[in-house]
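See structure below.
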2 protein chains.
Amino acid sequence: MHDKATRPLPPIAEAAPLHAVLACVFQVREGTLQVLLWQRARDPQRGRWALPGGRLDRREPLEQTIRRHLATKVDVRELSWLEQLATLGDPDRNPRHWELATAYLGLVPSNVDPRLPADTRWHPVDALPPTAFDHGTVIDLARERLRAKLSYTNLGFALAPAEFTIAELAAHYSAALGYRVSQTNLRRVLERRGAIVPTGELRRPGREGGRPASVWRFASRKLAVTDPFAVLRPPQRPSRRANGYRRSSTTVDR
Amino acid sequence: MHDKATRPLPPIAEAAPLHAVLACVFQVREGTLQVLLWQRARDPQRGRWALPGGRLDRREPLEQTIRRHLATKVDVRELSWLEQLATLGDPDRNPRHWELATAYLGLVPSNVDPRLPADTRWHPVDALPPTAFDHGTVIDLARERLRAKLSYTNLGFALAPAEFTIAELAAHYSAALGYRVSQTNLRRVLERRGAIVPTGELRRPGREGGRPASVWRFASRKLAVTDPFAVLRPPQRPSRRANGYRRSSTTVDR
DNA sequence: GCAAAAGTGTTGTAATTACACCCATGT
DNA sequence: ACATGGGTGTAATTACAACACTTTTGC
């Protein structure tokens with residue numbers, strides 16, 4: 001089947017763009033959701049911040065390629081989640097040459113801290129520096145996907161350490177969702193769905209005292225759709241009154 | 001910026017696979033969900049049925065490319081929905097050469113009937129012929145995506161004609177979801193969400209008589225997330241009893 | 001009047017938020 | 001004892017599924 005490899009390629013240059021893989025890697029750090037970005041040292045877009053990634057290799061599946069680039073270029077080896085997001089193919093997304101990019105969403109649990117190269121840094125998603133190419137779009141896409149999956153799956157396992165208290169877990173969810181998540185309700189939702197289970201241990205209270213928190217873990221560290229149709233909606237403060245089954249309806253234009 | 005185009009390319013052949021776009025186009029016909037497939041006349045995979053598509057063109061965005069191929073190759077011009085699904089990049093997905101494919105989900109409303117070329121045909125999704133390459137996977141992905149979006153968005157607009165009765169609409173939903181959808185409840189769900197509105201007209205009853213049905217249309221023909229966390233779950237016949245907040249939990253392995 | 005198809009009323013229940021309250025610990 | 005967090009009880013709310021029942025038509 002490889003016998004054709006020696007023959008000259010047919011005139012399909014127009015059909016063979018360069019192809020890159022990118023990853024939007026999130027981690028909850030210091031109470032906020034942060035993305036791993038890398039500052040371009042050269043034109044085009046010198047000085048702007050880009051998502052890590054690299055070119056394809058014919059010998060690998062796409063997912064393995066992005067894993068390899070993350071491991072070798074930014075020393076991220078412990079992804080707790082990796083999922084394909086989209087492929088971007090706008091003809092002029094890269095001013096230099098025709099290049100497609102397949103973007104991934106990656107998650108790193110909050111208790112690991114990869115050793116990063118000098119040009120690479122975590123940035124809070126709410127205070128991003130100028131981003132390169134269409135990478136800002138990718139980050140938005142990734143946030144949206146993460147938000148959705150936290151609601152209807154057990155994906156929280158990929159943000160948190162193996163063991164945690166409910167207060168800690170709620171802080172992770174709050175950071176990722178962008179709004180305050182009540183410990184009380186988070187616990188009940190995840191427990192009812194069987195997503196989290198108590199280990200039986202208790203965490204020692206801190207300096208200030210307080211009742212010792214019980215320690216939990218996720219029942220499984222594989223993605224499970226715990227609720228085909230989910231929850232953890234943002235608090236709907238204003239006017240609970242009114243005949244109002246007025247649930248917000250977001251318009252998406254494609 | 002194009003001045004480099006004349007210089008010889010660096011040795012990145014390994015980074016430049018061929019790239020195709022494919023579409024899994026669904027339509028509800030004769031009460032079932034059907035996919036548009038095309039029978040291969042040549043090896044590899046001669047005789048097997050493939051999703052329509054073609055190569056990229058440097059001058060177009062990806063979405064425009066798949067639209068062009070659908071219009072010119074299978075005469076499908078009236079897509080009511082088109083959405084990117086995934087990019088497949090397994091090194092040996094095509095035995096002949098290294099080729100990636102970006103797959104789309106397309107929908108055609110049930111009241112149009114494109115004139116198809118001889119080698120192209122609609123196939124009920126529950127009785128597919130042998131499919132080519134990894135196209136079976138794409139069809140599965142597409143069904144799943146359609147199913148999900150019908151639940152939490154107004155995507156039904158893309159399956160049905162502009163105007164319809166509730167009975168007709170329920171038939172479309174049933175075909176796409178694969179289980180019986182009650183007219184009564186479908187109506188209430190979509191009406192409560194503001195997704196459908198009555199036109200005021202009535203449809204004449206058929207031969208057999210019966211009360212005339214009122215005619216409805218979708219309030220908008222753009223995608224709207226009507227319920228961030230949705231509904232239309234399949235009927236849960238067995239044992240409604242039991243302390244049972246035992247809602248099914250599907251495990252997804254990646 | 002009777003069958004057929006459409007539409008309404010009503011009940012039961014799951015899932016969830018909000019919030020008041022109780023508990024265990026350190027100082 | 002009291003401040004500080006953690007945890008529980010519970011009412012209010014919403015969104016549904018199910019199903020019995022009513023309405024409007026053709027024959």
Side-chain angles (χ1 to χ4, degrees), chain A residues 151-152 164-171 173 179-196 198 201-216 226-249, chain B residues 151-152 164-171 173 179-196 198 201-216 226-249:
Chain A
S151 290
Y152 68 88
F164 45 82
T165 66
I166 297 295
E168 289 160 3
L169 188 62
Y173 273 78
Y179 52 80
R180 185 128 299 295
V181 171
S182 127
Q183 300 179 27
T184 303
N185 294 332
L186 179 66
R187 209 256 280 215
R188 292 220 257 241
V189 167
L190 294 181
E191 199 181 4
R192 170 158 18 93
R193 295 180 179 174
I196 58 172
E201 293 159 68
L202 293 182
R203 186 67 59 86
R204 306 237 35 120
R207 284 281 85 159
E208 313 284 87
R211 177 171 170 173
S214 46
V215 177
W216 298 72
T226 48
D227 188 352
F229 320 107
V231 68
L232 293 178
R233 353 183 196 290
Q236 48 227 95
R237 248 293 78 70
S239 126
R240 295 183 59 79
R241 222 2 15 77
N243 189 310
Y245 34 100
R246 192 82 291 177
R247 203 124 141 232
S248 73
S249 159
Chain B
S151 289
Y152 68 88
F164 46 82
T165 66
I166 298 296
E168 289 160 3
L169 189 63
Y173 273 77
Y179 53 81
R180 186 130 295 296
V181 171
S182 127
Q183 300 179 26
T184 303
N185 292 334
L186 178 66
R187 207 255 280 218
R188 291 218 258 241
V189 166
L190 294 181
E191 200 182 3
R192 171 159 13 94
R193 294 180 181 174
I196 58 173
E201 292 158 67
L202 293 182
R203 185 67 57 87
R204 302 238 37 115
R207 285 282 83 161
E208 313 285 87
R211 177 170 171 173
S214 46
V215 177
W216 298 72
T226 48
D227 188 353
F229 319 107
V231 69
L232 293 179
R233 354 184 196 290
Q236 48 227 97
R237 246 293 78 69
S239 122
R240 294 183 59 80
R241 218 16 356 89
N243 191 310
Y245 33 99
R246 190 82 296 174
R247 202 124 141 232
S248 73
S249 158

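Protein chains get the first letters and strands the later ones, always in sequence-line order, with residue 1 at the start of each. Values below: every heavy atom of this structure, side chains too, minus hydrogens, waters and symmetry copies.
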Practice task
Answer whether the closest heavy-atom distance between the side chains of A/I196 and A/I166 falls below 4.5 Å.
Solution key: yes
Exercise for the section: Side-chain contact test, heavy atoms from C-beta onward, threshold under 4.5 Å: evaluate it for B/L186 versus B/Y173 and give yes or no. Expected result: yes
Practice task
Check whether any side-chain nitrogen or oxygen of B/R207 sits under 4.0 Å from OP1 or OP2 of D/dC27, and answer yes or no.
Solution key: yes
Send over the distance from [X] [atom1] to [N] [atom2], rounded to a whole Å.
X      : N      : atom1 : atom2 : result
B/E168 : C/dA5  : CD    : P     : 13 Å
B/R203 : C/dG7  : CZ    : C1'   : 16 Å
A/R193 : C/dA15 : CZ    : P     : 9 Å
A/Y173 : C/dT17 : OH    : P     : 13 Å
B/L186 : C/dA6  : CG    : C1'   : 14 Å
A/L190 : D/dG7  : CG    : P     : 14 Å
A/N185 : C/dA20 : CG    : C1'   : 13 Å
A/E191 : D/dG7  : CD    : P     : 11 Å

Among residues at least two apart in sequence or on other chains, which ones pass side-chain hydrogen bond (donor to acceptor under 3.5 Å, both in side chains) with [X]?
X      : result
B/Q183 : none
B/R188 : none
A/T184 : none
A/R211 : none

Side chain of [X] only, heavy atoms from C-beta on: which candidate in [options] is closest?
X      : options                : answer
B/R188 : D/dA18, C/dA18, D/dA17 : D/dA18
B/Q183 : D/dG6, C/dA6, C/dT16   : C/dA6
A/I166 : C/dT17, C/dA15, D/dG7  : D/dG7

Practice task
List in chain and number order the residues that pass side chain to side chain contact (heavy atoms under 4.5 Å, CB included) with B/E208, two or more places apart in sequence or in another chain; answer none if no residue qualifies.
Solution key: none
Can you give me the N/O atom pairs linking the protein to nucleotides 20-25 of chain D at distances under 3.5 Å, or say none if there are none?
from: D/dT23; atom 1: O2; to: B/R211; atom 2: NH1; distance (Å): 3.2
from: D/dT24; atom 1: O2; to: B/R211; atom 2: N; distance (Å): 3.0
from: D/dT25; atom 1: O2; to: B/G210; atom 2: N; distance (Å): 2.8

